[in-house]
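All remarks here apply to the structure that follows.
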Amino acid sequence: MSIALQNLSIEISGTRICQGLDLEFSTGQVWCVLGCNGVGKTTLLKTLAGLRPPNSGNVRLNGRPVQRVARRQRAQQLSILFQDSDTLFPTTVLETVLTGRHPWISPLRGEGAHDRDKAMAALERVGMAHLAERSMSSLSGGERRRVDLAAVFVQESECVLLDEPGNHLDMHHQVAVLGGMVQQWKSQGGLVILVMHDVNLALRFSDHLLLLFGDGEVEHGPAQAIATETTLTRLYRHRMMSLDSPQGRWYLPA
Amino acid sequence: MSKTATIFPLKISILGFITLAAFVLALTMGSVSIEWAQVLAGVRGEHLSVDYAVVVQLRLPRALNAFVVGGLLGLAGTLMQVLLRNPLADPYVLGVSGGAAVAALLAMMLGWHQGWVSLAAAGGALGSMALVFMLSRGQGDWSTTRLLLTGVVLAAGWGAAVSFILVVSPDTHLRGMLFWLMGDVHESYPGGLRSGILAGALIVALIFARSLNVLTLGELRAQSLGVDTGLVRLGLFLVAGILTASAVTLAGAIGFVGLVVPHLVRIWGGSDHRFVIPASVLGGGSLLVLAEMFSRTLLAPIQLPVGVITAFVGVPLFLLLLRRSTAPVVR
């Protein structure tokens with residue numbers, strides 16, 4: 001299982017996100033995409049998921065152009081958590097999580113006990129099982145985020161793309177819920193690509209970094225080699241300092 | 001859903017019971033009181049009485065007509081709301097009924113026969129819907145706001161065209177035109193075509209019900225879950241258009257059923273379309289059967305157009321729902 005970028009160029013309304021990029025994301029890796037607001041992290045993620053065509057070049061999911069993989073098969077292999085979620089009509093927490101099972105249920109059948117068990121287990125994992133029958137509109141931002149994470153979790157795809165998964169989450173949920181899931185995906189041989197704001201959380205979760213500088217320039221590689229004061233200062237256009245502690249290296253804006 | 005899924009059959013049965021009760025009321029109530037023994041004798045072919053004629057030739061066909069029209073409109077409204085990602089949308093908001101009305105009035109002005117007027121209305125409905133979609137489809141992208149605005153503006157345009165036709169038409173046509181505009185049901189049985197369209201659309205919609213659930217979470221989310229959103233939306237457009245055209249040609253412009261019924265159904269039973277779709281058909285059908293009954297009895301012997309009754313019930317109910325809908329829905 002892999003996502004390979006070949007000579008990939010993406011532009012959105014005049015902003016060049018990447019140009020002629022060749023890169024392979026492979027299973028067992030956790031990648032984190034970092035960059036300032038508006039450099040196109042979300043657009044990159046949507047392109048990887050095949051939801052948006054690149055300006056040129058190719059995104060290959062297991063060797064096949066991602067936009068040509070059959071929809072249902074693609075949804076079984078690749079899931080994506082969006083930055084925001086919306087609900088048009090009143091739905092319950094459990095119903096929302098069960099939508100993640102959609103690609104696995106044959107079109108003419110409904111969810112079985114098996115799917116419901118998975119959904120309840122995922123809700124248990126994100127600490128929301130007791131609110132399973134609650135309406136989504138009655139939840140707080142952080143609770144919604146955990147439900148959305150559970151919906152991605154039950155999709156059981158090997159590639160998982162997460163756009164700002166830590167948004168609205170309390171710090172202990174970021175580490176326990178999100179960190180726990182990322183660990184499990186990685187240990188099961190999955191590929192996780194996260195878009196994050198928090199450099200320290202990114203370094204805690206990921207082993208590889210992809211930095212977008214906003215002018216089409218990118219840098220990528222193993223996290224420890226890429227994350228330096230100089231590079232991060234250039235990335236955020238603000239002086240970044242490192243701080244060593246027994247738990248590892250931390251980065252702070254000066 | 002473990003809880004919810006088992007509740008669906010119960011709630012659908014309750015709606016079935018309500019539908020049955022509505023039919024009984026519609027057949028019983030009226031300016032003439034019915035002796036049921038006489039009707040049964042007529043059914044057995046023993047003795048044909050006035051009671052039998054009133055029930056079988058007048059009240060039953062009107063009630064069946066009302067049910068089919070209500071079902072068509074309820075289902076059309078449900079599908080339109082998913083398509084437009086807006087719980088307040090219905091075929092009428094998009095100007096579909098306006099297009100049908102203009103085409104029908106033009107046909108009446110030209111002195112065409114009833115059958116041709118119906119056909120013209122169907123053409124107007126589908127044409128108006130295609131127009132809304134073509135105009136609102138920008139750079140290959142579907143924008144809901146633009147779609148809704150285009151529909152509203154077109155509806156206003158159709159309204160002006162209707163006024164124009166009414167003013168220039170000869171007086172002899174006016175009464176018929178006004179009655180048609182307000183919507184009413186006929187004293188003929190609904191026929192196989194409309195009933196078939198309703199049943200067919202119900203089955204197709206049920207097959208795609210789970211995809212519709214996913215689509216309400218957003219276009220991109222649905223795509224990421226493997227739904228061919230382009231295909232589903234095109235299907236929604238066509239099916240909803242055909243449903244509306246069938247309803248309009250059967251009973252003229254009856255408003256608010258497609259708006260209010262899906263709304264009530266969701267508040268009562270949740271938003272899973274495997275429930276909402278059949279419930280909207282039964283709910284819309286029984287609502288219109290009752291509206292038809294009231295249209296005959298409220299100011300008897302004057303017979304009101306059914307569209308007036310649905311507007312009297314629908315407008316305040318909808319405004320009430322609109323006020324309530326800002327509060328989080330807890331079930």
Side-chain angles (χ1 to χ4, degrees), chain A residues 42 46 49-52 69-113 115-117 119-120 132-139 148 151-152 155 157 161, chain B residues 1-5 7-8 78 81-89 140-141 144 203 206-232 262-263 265-276 324-331:
Chain A
T42 297
K46 284 179 186 165
L51 302 176
R52 184 187 184 284
V69 180
R71 286 161 215 277
R72 207 165 146 218
Q73 195 189 345
R74 187 179 71 202
Q76 291 174 352
Q77 294 174 353
L78 184 148
S79 57
I80 178 167
L81 173 78
F82 296 98
Q83 242 179 75
D84 315 295
S85 62
D86 62 23
T87 34
L88 187 55
F89 303 119
T91 47
T92 66
V93 167
L94 184 58
E95 281 171 340
T96 306
V97 177
L98 276 170
T99 58
R101 297 299 301 160
H102 186 78
W104 295 100
I105 304 168
S106 106
L108 289 179
R109 308 193 60 147
E111 300 91 352
D115 300 299
R116 264 175 239 125
D117 291 347
M120 280 315 290
E133 295 292 335
R134 274 277 285 278
S135 165
M136 282 298 282
S137 53
S138 68
L139 301 186
D148 292 340
V152 168
Q155 202 173 333
S157 60
L161 314 182
Chain B
M1 190 153 321
S2 47
K3 221 156 131 195
T4 336
I7 291 174
F8 289 171
T78 300
Q81 287 164 11
V82 178
L83 177 66
L84 289 174
R85 300 193 49 68
N86 192 328
L88 304 185
D141 225 11
T144 298
I203 291 167
L206 274 174
I207 289 173
F208 284 96
R210 207 153 43 82
S211 293
L212 299 191
N213 288 347
V214 175
L215 197 58
T216 64
L217 299 177
E219 181 108 22
L220 278 179
R221 174 88 183 116
Q223 281 174 21
S224 80
L225 287 167
V227 175
D228 187 345
T229 53
L231 183 78
V232 172
H263 216 102
V265 160
R266 286 197 190 94
I267 287 177
W268 182 49
S271 304
D272 192 325
H273 285 88
R274 286 167 287 191
F275 166 72
V276 175
R324 277 189 40 182
S325 67
T326 46
V329 180
V330 182
R331 284 192 273 128

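In what follows, chains are A, B, ... by sequence order, proteins preceding strands, each numbered from 1. Side chains are part of it too, since the values below use all heavy atoms of this structure and drop only hydrogens, waters and symmetry mates.
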Listing, residues 206-216 of chain B side-chain donor-acceptor contacts under 3.5 Å, not counting sequence neighbours, or none:
unit_1: B:R210; atom_1: NE; unit_2: A:R109; atom_2: O; d: 3.2
unit_1: B:R210; atom_1: NH1; unit_2: A:H102; atom_2: ND1; d: 3.1
unit_1: B:R210; atom_1: NH2; unit_2: A:I105; atom_2: O; d: 3.2
unit_1: B:R210; atom_1: NH2; unit_2: A:S106; atom_2: O; d: 3.0
unit_1: B:R210; atom_1: NH2; unit_2: A:R109; atom_2: O; d: 3.4
unit_1: B:N213; atom_1: OD1; unit_2: B:H273; atom_2: N; d: 2.8
unit_1: B:N213; atom_1: OD1; unit_2: B:H273; atom_2: ND1; d: 2.8
unit_1: B:N213; atom_1: ND2; unit_2: B:D272; atom_2: OD1; d: 2.9
unit_1: B:T216; atom_1: OG1; unit_2: B:N213; atom_2: O; d: 2.6

Between [X] and chain B, with a heavy-atom cut-off of 4.5 Å, which part of the residue counts as in contact: side chain, backbone, both or neither?
| X | result |
| --- | --- |
| A:A151 | both |
| A:P107 | backbone |
| A:T99 | both |

Self-check item: Qualifying residues under side-chain contact (heavy atoms from CB on, under 4.5 Å), relative to A:S79, sequence neighbours excluded
Solution: A:V152, A:Q155, A:S157, A:V160
Quiz item: Measuring from A:M136:CE to A:F89:CZ, what's the distance to the nearest 0.5 Å?
Solution: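 Reported value, rounded in 0.5 Å steps: 15.5 Å.
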Quiz item: Heavy-atom distance under 4.5 Å to chain A: side chain of B:V276, backbone, both or neither?
Solution: neither
Quiz item: Do the side chain of B:S271 and the main chain of B:R266 share a donor and acceptor less than 3.5 angstrom apart?
Solution: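 No: the side chain of B:S271 does not pair with the backbone of B:R266.
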